[in-house]
Structure formats: structure tokens, C-alpha cells
Amino acid sequence: QVQLVESGGGLVQTGGSLRLSCAASGRTFSSYTMGWFRQAPGKEREFVGGIIWRSGSTYYVDSVKGRFAISRDNAKNTVYLQMNSLKPEDTAVYYCAASTARAVGLTVADYAYWGQGTQVTVSS
């Protein structure tokens, strides 16, 4: 059974940085695509970025390009979301998700497995 556990959220000031982790278990994830999503209060869950585990290729939405970076550690079966230059509008619960698709999916429906989420709050 696939299990995803996020960690690393917290409270940070505008311009600060956080690194989120997503520890994956229950499968060999080398053939998976991993996505990061976020959901702010009263808003729909939105795609932030993703990584194709085998190749390490990444994809980001425009609003986080140049500020966020996704990486993976094969030995630890962990995916990371490094977030720099954080803004108040980045405040949300952040989720990691896993898909068996070969390409990075951009919607919630593209992912079958989800973590429980971790809160990120950016103060102004």
C-alpha cells in the first residue's frame, strides 16, 4: 500500500525559505510521477509542481518558477519541495501526491495517492 507522509511545514516570514519532505513507502517509486499541490482556505487544491522520479525531470507552475525546486532522493524514497522567497500568497496546506503516469499530471484527478498535507504559513 502506497503511503506518503509530508513534513517540514511551518511559519516563516515573507522572503524566507522552507523545505518540505514527502517520504514515500509501499512501492518502488522509480516508475512513478510525484506532484506537489497546495490548498489555501476557501480555494481549490492547485498544482504547484511535479517530478518524474526516474528521470528527475521537473515541471512548475509559473507562479513558483525560479522560487521553488523539486528534487528526489532515491535512497530515502523521499521527494523534496524547496521553497525560497516565500510570499504570503504561498500560504496553504501543501500535499504531495503520486501517480503511475509517465508524465507530470497537472490536476488532482491525475494522482491516485495523497499525503495528509503540511501547513505552510507565510507572514507579511
Side-chain angles (χ1 to χ4, degrees):
Q1 183 174 350
V2 173
Q3 187 173 13
L4 305 175
V5 179
E6 302 99 332
S7 61
L11 174 64
V12 64
Q13 291 184 335
T14 296
S17 298
L18 282 174
R19 189 179 78 158
L20 306 184
S21 300
C22 174
S25 61
R27 290 285 192 278
T28 300
F29 287 89
S30 58
S31 61
Y32 277 59
T33 296
M34 306 298 290
W36 282 98
F37 287 74
R38 65 186 179 186
Q39 187 166 19
K43 295 188 177 181
E44 293 187 353
R45 193 169 299 188
E46 65 174 1
F47 176 79
V48 173
I51 185 168
I52 299 173
W53 198 297
R54 185 179 300 278
S55 66
S57 297
T58 55
Y59 181 88
Y60 305 94
V61 294
D62 287 346
S63 61
V64 307
K65 279 182 182 177
R67 299 190 299 124
F68 289 12
I70 298 173
S71 62
R72 85 276 194 245
D73 185 324
N74 292 330
K76 295 182 178 180
N77 247 16
T78 299
V79 174
Y80 302 99
L81 177 65
Q82 177 67 44
M83 305 185 294
N84 300 322
S85 302
L86 283 162
K87 306 174 182 180
E89 51 263 44
D90 294 318
T91 295
V93 177
Y94 283 72
Y95 299 88
C96 72
S99 167
T100 57
R102 293 186 178 185
V104 173
L106 306 183
T107 71
V108 170
D110 293 324
Y111 295 83
Y113 306 101
W114 292 85
Q116 82 288 350
T118 186
Q119 176 71 46
V120 171
T121 303
V122 184
S123 64
S124 57

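None of the values given here were measured: they were computed from a predicted structure.
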Looking at every non-hydrogen atom in both residues, tell me the closest pair between Val122 and Thr91 and how far apart they are.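 Taking Val122 first and Thr91 second, the nearest heavy atoms are N-OG1, 2.9 Å.
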Non-hydrogen atoms of Leu86 and Leu18 that approach each other most closely: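 Smallest heavy-atom distance, with atoms named: CD1-N, 3.9 Å.
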Taking salt bridge (Lys or Arg N to Asp or Glu O under 4.0 Å) as the definition, give me every residue that meets it alongside Arg38, ordered by chain and number, with sequence neighbours left out.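 Arg38 satisfies salt bridge (Lys or Arg N to Asp or Glu O under 4.0 Å) with Glu46, Asp90 once adjacent residues are dropped.
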Check side chain to side chain contact (heavy atoms under 4.5 Å, CB included) between [X] and all other residues, then give those that pass, not counting sequence neighbours.
{"X": "Arg54", "result": "Ser30, Ser31"}
{"X": "Glu89", "result": "Lys87"}
{"X": "Ser123", "result": "Leu11, Gln13"}
{"X": "Ser7", "result": "Ser21"}

Does Ala92 offer a backbone N or O that forms a donor-acceptor pair with the side chain of Gln39 under 3.5 Å?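 Checked: no pair found.
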Among residues two or more places apart or on two chains, list those pairs meeting disulfide bond (SG atoms under 2.5 Å apart) that have a residue in [range].
{"range": "residues 29-82", "result": "none"}
{"range": "residues 40-92", "result": "none"}
{"range": "residues 78-124", "result": "Cys22-Cys96"}

Spatial distance of atom CZ (Arg67) from atom OG (Ser17) [nearest 0.5 Å]: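 One gets 10.0 Å once the value is rounded to the nearest 0.5 Å.
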Pick out which of Ile52, Thr78, Ile70, Leu4 makes a side chain to side chain contact (heavy atoms under 4.5 Å, CB included) with Met34.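 Among Ile52, Thr78, Ile70, Leu4, the one meeting side chain to side chain contact (heavy atoms under 4.5 Å, CB included) with Met34 is Leu4.
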Can you confirm whether Leu20 sits close enough to Glu6 that some side-chain heavy atom of one is under 4.5 Å from a side-chain heavy atom of the other?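 Side-chain contact under 4.5 Å: no.
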Any non-hydrogen side-chain atom of Ser25 less than 4.5 Å from a side-chain atom of Asn77?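 They are not in side-chain contact.
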The criterion is ring-ring contact (aromatic ring centres under 6.0 Å, His included); which residues satisfy it with Tyr111, sequence neighbours excluded?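 Counting only residues at least two positions away or on another chain, Tyr111 forms a ring-ring contact (aromatic ring centres under 6.0 Å, His included) with Phe37.
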Validation: residues 98-110 side-chain donor-acceptor distances under 3.5 Å, sequence neighbours left out:
residue	atom	partner	partner atom	Å
Ser99	OG	Ala101	N	3.0
Ser99	OG	Asp110	O	3.1
Thr107	OG1	Asp110	OD2	2.9
Asp110	OD2	Leu106	N	3.1
Asp110	OD2	Thr107	N	3.0

ring-ring contact (aromatic ring centres under 6.0 Å, His included) contacts in which one or both residues fall within residues 7-30, not counting sequence neighbours: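 Those involving residues 7-30 are Phe29-Tyr32, Phe29-Trp53.
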Which ring-ring contact (aromatic ring centres under 6.0 Å, His included) pairs, counting each pair once, include a residue from residues 65-100, with sequence neighbours left out?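 Not a single pair qualifies under ring-ring contact (aromatic ring centres under 6.0 Å, His included).
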